Amino acid sequence: MSYTRKYQETISEKISKQLKVSFSSDSNGKISKVDVQIDNKTHSFSGNGTKNIDVEAKIPVSFEIEVDTRSFDTSVEHCNTNVNLLTGAVVATEVAQIASINKNSKKVASTIVNGFFGYIKSEISQQISELTQNIDAQLMHLKELSDACVAKKMQMEGDFNRISGRYIKIFDDLNKELSNRIMELDKPTFVFKKELDNQSIRSVKNDMVNTVLVFGKEGGMLSSKLGVTLAKKRALDTLNQAKIFLLQQKHLNYTVQRSMINENIASTQYSPVCFIESSEEKNQISKQVYLSSYISTMQENIRKNEMIEEFSGDSKFWTTISTENNESIRKYFNSEINDAYVGADPHTERVKAMINKIANLGTIQTINN
């Protein structure tokens, strides 16, 4: 559609002009100063002459522009028609492309799925074939092992039957030999038993009732006598054991009475005492005495201090004990160490070695008065 536009602008431009000024003097003959204002600027002149002045010229400009759009409108109409045709073609192309893509994607997906399942099928078939061959080989190997086991079993059964038959024969011979020896050793008993059995059979199977009654009576009397005899034997054994116990108790009491002394005798009792003198920091000497707990009178600090002073006094002289006493103490010490550490593990051996090493660091000394 055609249209018209109007535009108005003012163009500013600086122009240099020559300005000629002439003026007359006043009544006194003096020339006065003249100020000229041009374009809001003041220019001063003090005499006749010519002077260049820069003047800013402002030119108003006004113009109209008429735009004829009939050719463009006609082309736009043709273009709109072409665009609509192109839109239809693009839509048809898009539909065809979508259908083609859908068809091709289905074809590709079907190909991929068929290929995947075909590959998996071939892999499974190959694995099944390999496993079948392996299973057949294993079955053949197992069949060979089974045959070998059956053969071993039959061989072992034959060996067992042969060996067991041999040992059964040996044991039967031993049983017979043992039976014969027992019969020879206790032959009177067995003969008596045999005669007794014959008597019992004869008594039971005999028609004479009186004989059976007599036999029963005699058997009962014999059983009662055997029971009484056994009871008497047990009572006699019990009395003998009580007699032996009383005699031993009496002998023990007599021995204890002979060992006891019914009087008070003054005697000297000895107890081990440990006196330790050690050097501490700053050249200080520490002295300690360790006693057994059952010596109650020596547990007080006063008694311990007295003992320390006695050990540390100048009147006491320390001397090395004799070789015989040292050997006795060493034997007792070694026996105590062996009783205290019985195990054979490395820790116990190290402890025993360290104790012996500490014991061998010094010598045992005694105090001579």
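All values derive from a computational prediction rather than experimental measurement.
Both Val113 and Tyr119 are part of a single hydrophobic cluster, where members link through side-chain heavy atoms under 4.5 Å apart. Tracing side-chain contacts under 4.5 Å through hydrophobic residues (I, L, V, M, F, W, Y), one reaches Phe117 starting from Ile124; they form part of the same cluster. Hydrophobic clustering (ILVMFWY, side-chain heavy atoms < 4.5 Å, transitive): Phe333 and Tyr341 are in one cluster. Note: the hydrophobic cluster containing Ile337 does not contain Ile329 (ILVMFWY, side chain heavy atoms under 4.5 Å, direct or indirect links).
No donor-acceptor contact under 3.5 angstrom links the side chains of Thr132 and Asp136, judged on distance only.
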* **Test side-chain contact (heavy atoms from CB on, under 4.5 Å) applied to Leu236 and Lys232, step by step** => CA-CA 6 Å; Leu236 182 61; Lys232 289 181 178 181; over 6 Å; no
* Please step through side-chain hydrogen bond (donor to acceptor under 3.5 Å, both in side chains) for the pair Asn175 and Ser179, ending with a clear verdict. => CA-CA 6 Å; Asn175 289 332; Ser179 177; over 6 Å; no
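By the 4.0 Å N-to-carboxylate-O rule, Asp173 lies too far from Lys169 to be salt-bridged with it. With salt bridges taken as basic N to acidic carboxylate O contacts below 4.0 Å, none links Asp172 and Lys176.
Evaluation of the salt bridge (Lys or Arg N to Asp or Glu O under 4.0 Å) rule for Arg234 yields no partner, not counting sequence neighbours. For Tyr332, the side-chain hydrogen bond (donor to acceptor under 3.5 Å, both in side chains) partners two or more places apart in sequence, or in a different chain, are Glu336.
Of the inter-residue distances, the one linking Asp147 atom CG with Glu144 atom CD reads 8.0 Å to the nearest 0.5 angstrom.
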